[in-house]
Number of protein chains: 2
Amino acid sequence: MTNFSSRRQAVLEVMKTMRCHPSADRVYEEVRKTIPSISLATVYRNLAFLEKAGIVGRVVGCDNKERYDVELDNHCHVICTECGEVEDMDYPEDLKRYLDGYCDKNGFCKFGLSFYKICDECKRKSELGKLQNEISKN
Amino acid sequence: MTNFSSRRQAVLEVMKTMRCHPSADRVYEEVRKTIPSISLATVYRNLAFLEKAGIVGRVVGCDNKERYDVELDNHCHVICTECGEVEDMDYPEDLKRYLDGYCDKNGFCKFGLSFYKICDECKRKSELGKLQNEISKN
DNA sequence: TCAAAAATAAAAATAATTATCATTTTTGTT
DNA sequence: AACAAAAATGATAATTATTTTTATTTTTGA
C-alpha cells in the first residue's frame with residue numbers, strides 16, 4: 001500500500017514534478033512552497049526512505065551534492081562539468097540491450113552511463129565572463 | 001616541464017603507487033608515511049592541481065567522498081554500493097569504440113561507465129552481521 | 001643576491017549530510 | 001472512542017568532507 005505521510009507524499013510529488021535532478025536543498029526549497037513548515041531533515045529522511053523503497057534513485061553529478069531522480073528506467077545522464085547539473089538522455093536501444101546483458105552475465109546489480117559536457121547555461125556564463133574581462137582591460 | 005614541488009611530487013607518487021581509487025584522506029594518510037609534516041589542505045590543493053593539469057581524474061564512488069584516479073585511459077569502474085570502493089575494469093573493446101564514436105559525434109567531452117555490486121569485503125561483513133544476529137537471538 | 005611568485009601548515013570557515021531528542025501524528029487494538 | 005506503541009517530525013546539534021584564510025617558508029628567475 002502506498003500510504004505515505006503527507007510530507008513524504010509531498011516530497012515524492014515534487015520529485016515527480018521537477019523535470020531535473022534536484023539536490024536535497026532544491027527539493028526542500030520546492031516542497032516549502034506548499035508546506036512551509038517542513039524541515040530540511042524531513043526532506044533528507046524522506047529522500048532516503050524513498051531511495052530504500054526503490055522509488056527514487058541517487059545520481060552523482062559533478063558538484064559535491066547528492067542528486068535524486070525518479071525516473072529509474074532506461075536512461076543515461078548528461079552531466080555538466082561546470083555546475084554538475086544532470087539531464088536525462090535515452091539510451092540508444094541496442095546499447096541498452098548490450099549493457100543489460102553484460103550486467104546480468106557478470107553479476108552486477110545495475111550500471112550507470114554518463115556523458116559529460118559544459119551545459120549551455122555555463123557556456124553562456126563563461127562567454128560573458130571573458131567579454132567582461134576584455135572590457136575591463138581596455 | 002614536470003618540475004613539481006616535493007610534496008606535489010609525493011602526492012602524485014602515492015596516486016601512482018596505490019592501485020585503488022583513494023579519497024583525499026586516504027592519500028593524506030599514505031603521504032604522511034614519508035612526509036609526516038604534510039598537511040591535509042596541501043593534499044587537497046595538490047590533487048586539485050593535478051586534476052586541472054589533467055594528470056589525475058575524479059571518480060565518484062557511492063559514499064559522499066571524491067575519489068581520485070591516475071589511470072585516465074580506457075577503463076570503466078566497478079563500484080560497491082555499500083562502501084563506495086571503486087575498482088577498475090577494462091572496457092570490452094567493441095564497447096569502448098562504440099562509446100568513443102558516440103561521444104565524438106554528439107559533442108561530449110568524455111563519458112563514464114560504472115557497474116555496481118556489493119564488493120566481497122562488504123558481503124563478508126554483512127554475512128558476519130547476520131550470523132551474530134542469529135547468535136544473540138538464541 | 002634578492003624581490004616576486006608559488007607553495008605550505010595550521011587553523012578557521014563553509015557546506016552537505018546525519019544524528020539526537022523532545023514533541024506530535026498515525027496506527028492498530030481493545 | 002480510548003489508548004498504548006510505533007512512526008514521523010521540527011529544531012538543532014554534531015559530523016564529515018572540503019575550501020579558504022593567513023602568516024610563514026620555499027622556490028624561481030632576473
Side-chain angles (χ1 to χ4, degrees), chain A residues 1-15 20-53 55-69 81-86, chain B residues 1-15 20-53 55-69 81-86:
Chain A
M1 56 198 101
T2 338
N3 213 353
F4 291 159
S5 78
S6 65
R7 307 193 165 207
R8 184 163 296 164
Q9 192 62 47
V11 168
L12 179 53
E13 282 315 315
V14 161
M15 284 300 302
C20 61
H21 297 71
S23 50
D25 57 325
R26 278 293 291 114
V27 176
Y28 174 58
E29 211 177 283
E30 207 58 28
V31 182
R32 282 223 289 182
K33 290 181 184 169
T34 51
I35 310 182
S37 66
I38 199 171
S39 86
L40 179 56
T42 297
V43 172
Y44 270 104
R45 265 186 305 241
N46 282 320
L47 286 171
F49 179 97
L50 293 169
E51 194 207 350
K52 216 171 225 173
I55 296 166
V56 313
R58 296 200 185 201
V59 197
V60 245
C62 238
D63 50 358
N64 300 331
K65 286 182 188 173
E66 291 290 337
R67 285 158 181 280
Y68 296 86
D69 190 354
T81 51
E82 290 286 318
C83 67
E85 209 62 55
V86 180
Chain B
M1 60 198 97
T2 340
N3 212 352
F4 291 157
S5 78
S6 65
R7 304 190 170 207
R8 183 163 297 164
Q9 192 61 48
V11 168
L12 179 54
E13 282 314 316
V14 160
M15 284 300 303
C20 59
H21 297 73
S23 51
D25 58 323
R26 277 292 291 115
V27 175
Y28 175 58
E29 209 176 283
E30 205 60 27
V31 182
R32 280 222 292 181
K33 289 182 185 167
T34 50
I35 311 184
S37 66
I38 198 171
S39 86
L40 179 56
T42 297
V43 171
Y44 270 103
R45 264 187 308 246
N46 282 320
L47 286 171
F49 178 98
L50 292 168
E51 193 206 352
K52 216 171 226 174
I55 297 166
V56 313
R58 293 200 188 201
V59 198
V60 246
C62 238
D63 50 358
N64 300 335
K65 285 182 189 176
E66 291 291 336
R67 285 158 182 280
Y68 296 86
D69 191 354
T81 51
E82 291 287 318
C83 67
E85 208 62 55
V86 180

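The chains referred to below are lettered A, B, ... by the order of the sequence lines, with proteins before strands, and numbering in each begins at 1.
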*Would you say dA7(D) has OP1 or OP2 under 4.0 Å from some side-chain N or O of Ser5(A)?*
no

Integer-rounded Å distance: [N] [atom2] and [X] [atom1]:
X: Gln9(A); N: dA8(D); atom1: CD; atom2: P; result: 13 Å
X: Phe49(A); N: dA19(C); atom1: CZ; atom2: C1'; result: 19 Å
X: Asp25(B); N: dT19(D); atom1: CG; atom2: C1'; result: 15 Å
X: Leu50(B); N: dA7(C); atom1: CG; atom2: P; result: 11 Å
X: Ile35(A); N: dT9(D); atom1: CD1; atom2: C1'; result: 11 Å
X: Arg32(A); N: dT9(D); atom1: CZ; atom2: C1'; result: 15 Å
X: Leu47(A); N: dT18(C); atom1: CG; atom2: P; result: 10 Å
X: Glu66(A); N: dA16(C); atom1: CD; atom2: C1'; result: 10 Å

*Find the distance between NE2 (His21(B)) and OH (Tyr68(B)) and round it off to the nearest 0.5 Å.*
13.5 Å

*Inter-residue atom distance Leu47(B).CG - Glu66(B).CD, 0.5 Å rounding*: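 Taking CG in Leu47(B) and CD in Glu66(B), the distance rounds to 10.5 Å.
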
Nearest-nucleotide pick for [X], side chain only, options being [options]:
X: Arg58(A); options: dT18(C), dA7(C), dT9(D); value: dT18(C)
X: Arg45(A); options: dA16(C), dA11(D), dT18(D); value: dA11(D)
X: Leu40(B); options: dT18(D), dA8(D), dT8(C); value: dT18(D)
X: Tyr44(B); options: dA8(D), dT19(D), dT17(C); value: dT19(D)
X: Thr42(B); options: dT8(C), dT18(D), dA8(D); value: dT8(C)
X: Ala41(A); options: dT12(D), dA10(C), dT9(D); value: dT12(D)

*By nearest nucleotide on DNA chain D, pick out whichever of Ile38(A) and Lys65(B) is the more 5' one.*
Ile38(A)

_Can you work out whether Ala24(B) or Ser6(B) has the more 5'-proximal nearest nucleotide on DNA chain D?_
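The residue mapped nearer the 5' terminus is Ala24(B).
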
*Which part of the nucleic acid, if any, lies within reach of Ser37(A) when heavy atoms closer than 4.0 Å are counted: base, sugar-phosphate only, or nothing?*
sugar-phosphate

_Distance alone, cut at 3.5 Å: any donor-acceptor contact between the side chains of Arg45(B) and Thr42(B)?_
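There is such a pair (donor and acceptor under 3.5 Å, judged by atom type) between the side chains of Arg45(B) and Thr42(B).
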
*Would you call Asp25(A) and Lys65(A) a side-chain contact if the rule is heavy atoms closer than 4.5 Å?*
yes

*Between Arg32(A) and Glu29(A), is the closest basic N to carboxylate O distance under 4.0 Å?*
no

